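Report on one structure; see the data block that follows.
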Amino acid sequence: MAEAAAFQGTGPSPARRWLRRTLTVAVGAPLLAGLLQTPSATLAQAAEENPVSRTVDVSIDTLTPSAPVEGDTVTVTGTLTNRGKRVITDATVNLRVGPRMDSRSEIDQVAGRKGFRSDSDPQPLDTVPEIDIPRLEAGVSRDFRFSVPVAKLGLDDEGGVYQLGVSLTGQTSQQQYDRVLGIERTFLPYQPEPTSKRTQLTYLWPLISSAHVSADTASDEQQSPVFQDDELAEELRPGGRLDEMVTLGQGLPVTWVIDPDLLASVDAMANSYRVKDGTGHTAGLKENKELAQRWLGMLEKAVQGRKVVALPFADPDLASVAHRGKAVPGSLEHLQSATALAGSTVETVLHVRPATDFAWPVEGAVDPSIMAVATSAGARKVIARSDSIRDGGLAYTPTAARPVGGGTTAVVSDAGLSTAFQGDMVRAETSTLAVQEFLAQTLAITLEQPQDQRSVVVAPQRQPSVAQAQAMAAAVRGLGARRWTQPIDLVAAAAVKPDPDASTRVPAASKYPKKLRDGELPVQAFRDMKSTRDELDDFQVILTDATRVVPPVGSAINREMSTSWRGRAGAAAIYRVDVQDVLQRLTKSVVLVDKSALTLSGRSATIPVTVQNKLLQDVEGLVLRLTSSNGTRLKVDGGTSADLPITVRAGHSQSVKFPASANANGQVSMTAQLYTVDGTPYGTPMTFSVKVSEMTPTVMLVIAGGVLLLVLAGVRMYSQRKRLAARAAENRTEPETGPEPGTAQETGAGPVDATAGPVDGAPGSATADRAEHPSDLDADTGSESGDPSGPGEKVDR
């Protein structure tokens with residue numbers, strides 16, 4: 001009921017408040033007397049925070065409006081929680097508004113305080129009714145609400161930044177006198193009239209995510225990309241992180257800073273994509289495709305008329321490249337390719353032309369090597385931070401743009417404003433306090449030198465959470481009245497005339513934060529990238545359609561150096577291995593078919609070697625080299641080795657025949673190796689053996705003798721057949737009477753053996769059969785075969 005009365009503008013009577021304060025003074029007088037008798041050190045300690053003042057946790061959950069003007073009513077709501085072990089009795093809740101603050105450092109000091117300090121915390125406002133809380137049990141929470149016209153807050157007409165606090169004063173059974181048991185402070189920026197010079201404020205709105213797309217693609221005509229997982233879809237869902245960033249950013253005067261890889265990934269999801277599933281991959285969900293289409297449509301509308309800055313593709317870690325990658329040749333080439341890809345990707349997907357000459361090192365930390373790497377990749381403007389490029393001795397916040405030499409501009413973001421919304425912003429109290437402090441700091445910047453207009457840049461964390469993004473949006477909206485700031489985009493901020501007193505000195509490498517250095521990619525990561533890139537370069541020269549391989553693998557190599565891998569070393573290593581595996585699987589699709597041992601019988605023959613192409617496209621520009629380990633025993637095309645060009649159609653095998661000549665018997669090891677046209681070995685060599693069985697002169701003499709015997713046998717057979725034919729003719733002319741018993745034939749021939757077999761050369765004889773079926777030579781191997789050679793394979797002759 002006490003709170004209800006307070007909400008209606010009523011509260012304890014003036015007499016009761018006077019009695020309470022009188023008792024407080026009476027009880028505190030003896031304590032004060034004791035303190036006056038103590039040394040000065042004790043007096044100093046008395047002014048410090050009192051631990052008792054943390055007994056009650058005072059939470060300020062809302063403050064509206066966040067930047068009031070004359071005529072407004074300020075409403076403050078929150079919660080009181082008794083964190084102590086005793087009951088609190090006879091308590092009151094008061095609103096306290098302090099004097100105007102003159103500097104940003106004073107705001108920082110107040111923000112860092114926790115407990116009550118009698119020397120710096122203002123007295124409760126007499127113009128605002130207090131809220132009575134008769135009893136607050138241990139561990140119990142109570143809500144409170146103040147609603148006060150601005151006119152009763154005691155603010156100066158010229159405006160400024162004020163401390164606003166809510167405190168609880170009460171008693172416990174251990175301390176039966178009024179003491180401040182809890183307090184919370186925030187800030188009230190009050191500027192009833194616009195300042196004569198408003199600070200130009202640039203707020204970066206980052207759309208950056210981690211790597212989600214692998215180097216693999218499907219075999220369909222669209223070459224659908226294969227995603228590592230489906231986590232990107234979760235960020236695109238209503239209420240997801242990326243969905244909130246676009247929803248909140250619509251209509252805000254911010255500069256969109258976009259990683260082109262994110263756009264390419266969402267665009268792939270919006271068309272046709274697949275997701276890894278064990279050893280294979282499956283089609284992406286239709287609902288995720290619709291989510292991606294919806295998100296891209298929202299983003300395209302949101303960026304119309306706004307400045308868009310495209311980071312290099314996949315947001316490369318410039319510090320890692322500068323500190324680790326430069327030791328590996330070719331690392332800067334990866335960075336240059338990422339920069340070249342940025343503009344076209346954003347323009348293709350969002351139909352806006354982005355600025356591509358900005359670089360953004362992690363947390364804006366720079367040193368000479370980082371600046372050199374950024375400029376070598378094409379950046380002429382580097383987004384740094386004021387806790388890296390420091391302005392020592394200046395009593396005000398200088399303009400962001402700083403010329404640092406060589407035509408390069410360092411755009412130095414304000415560290416305090418840029419880190420205002422880091423940490424957990426889920427609790428309403430945390431978010432409210434962060435927004436109020438942000439607004440207070442921006443007003444303090446303007447009031448530091450109200451006669452001079454300056455330009456300030458805010459570069460928040462790369463991947464804000466949903467709660468952080470909501471707090472950021474609330475802060476930008478709080479500046480919407482433009483009473484002390486006015487928005488400009490990042491390109492314009494980089495072109496503002498520099499402050500001659502601002503520092504332009506890039507800190508030395510020794511000043512680079514150790515915490516950031518420890519999170520960089522290792523040198524081995526860049527060695528892996530170089531190995532993959534070299535293998536890709538060797539592979540693409542043999543492809544008839546390199547666009548099916550080079551873009552997906554090249555983009556994956558760029559993703560390997562992304563800043564999103566910081567703090568995820570294990571995941572980064574797995575991704576690099578996956579990219580290598582994908583490329584090696586492709587390169588091993590063009591291979592030499594293994595051969596078994598061959599036998600060469602004779603002085604000359606042809607040796608076939610087969611190349612198999614499992615790719616979905618033809619390969620050309622390959623040279624096959626066959627080398628003999630013993631050129632004296634077995635020559636290839638008249639020498640130790642021979643080269644023959646080869647082209648293999650998609651999904652086919654092609655055999656190449658090398659002429660060979662033997663000079664001596666024995667075993668010879670042969671090596672087949674593919675090369676690209678520039679002489680670079682392609683794939684692994686294939687080795688097989690050839691057994692040479694040469695025809696010696698002795699063997700030839702034996703064969704010649706055998707042939708001579710066959711000829712003589714033939715002549716004898718021919719003579720015998722003629723004699724038999726003549727005898728048969730004579731027998732036909734004589735009478736058909738046989739000889740008398742006991743007399744010999746006139747021919748003088750002996751008795752004929754009726755069981756004798758056919759005569760050599762007669763029909764049906766073995767010799768005749770051999771003459772009628774001569775042995776044919778083996779046919780040459782066909783020009784195209786994917787089958788490996790069988791055991792004991794003989795070479796073509």
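In this text, all values refer to a predicted model and were calculated from it rather than measured experimentally.
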salt_bridge([X], [Y]) N-O dist < 4.0 Å:
X      : Y      : value
Lys530 : Asp534 : yes
Asp618 : Arg649 : no
Arg566 : Glu363 : no
Asp357 : Arg380 : no
Arg353 : Glu347 : yes
Asp216 : Arg274 : no

Cation-aromatic face contact Arg559/Trp565, 6.0 Å, 45 degrees |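 Not flagged: Arg559 not positioned over aromatic ring of Trp565.
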Side chains of [X] and [Y] in contact at under 4.5 Å (non-hydrogen atoms):
X      : Y      : value
Val373 : Leu332 : yes
Leu263 : Ile258 : yes
Thr684 : Leu592 : no
Pro608 : Lys595 : yes
Thr348 : Asp267 : no
Met269 : Leu236 : yes

Just wondering, more than 12 heavy atoms not from [X] lying within 6.0 Å of its [atom1]?
X      : atom1 : result
Lys614 : NZ    : no
Lys635 : NZ    : yes
Glu333 : CD    : no

Please assess Val382 against Phe358 for the test side chain to side chain contact (heavy atoms under 4.5 Å, CB included), listing each intermediate value before the final yes or no.
-> CA-CA 6 Å; Val382 180; Phe358 283 87; over 6 Å; no
When you compare the side chains of [X] and [Y], does any donor N or O come within less than 3.5 Å of an acceptor on the partner?
X      : Y      : answer
Ser209 : Glu235 : yes
Ser210 : Ser564 : no
Asp315 : Ser562 : no
Asp678 : Thr676 : yes
Asn288 : Asp230 : yes
Thr610 : Ser655 : yes
Gln228 : His212 : no

Begin from the C-alpha positions of Arg548 and Leu616 and carry the test side chain to side chain contact (heavy atoms under 4.5 Å, CB included) through to its verdict.
-> CA-CA 10 Å; Arg548 292 188 64 88; Leu616 299 178; 4.3 Å; yes
Between atom CH2 of Trp256 and atom CE of Met245, what is the distance when rounded to the nearest 0.5 Å?
->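 Spacing of CH2 (Trp256) from CE (Met245) equals 7.0 Å.
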Applying side chain to side chain contact (heavy atoms under 4.5 Å, CB included), run through Trp205 and Val257 and close with a yes or a no.
-> CA-CA 6 Å; Trp205 202 254; Val257 180; over 6 Å; no
Under 3.5 Å, sequence neighbours excluded: what are the donor-acceptor pairs made by side chains of residues 666-673?
from   : atom 1 : to     : atom 2 : distance (Å)
Gln667 : NE2    : Ser689 : OG     : 3.2
Gln673 : NE2    : Tyr682 : O      : 2.9
Gln673 : NE2    : Gly683 : O      : 3.3

Verdict with supporting geometry, Asp229 and Lys276, salt bridge (Lys or Arg N to Asp or Glu O under 4.0 Å) = CA-CA 6 Å; Asp229 48 54; Lys276 284 191 174 182; over 6 Å; no
Could you go step by step and tell me if Leu583 and Gln580 meet the side chain to side chain contact (heavy atoms under 4.5 Å, CB included) rule?
-> CA-CA 5 Å; Leu583 182 56; Gln580 290 176 332; over 6 Å; no
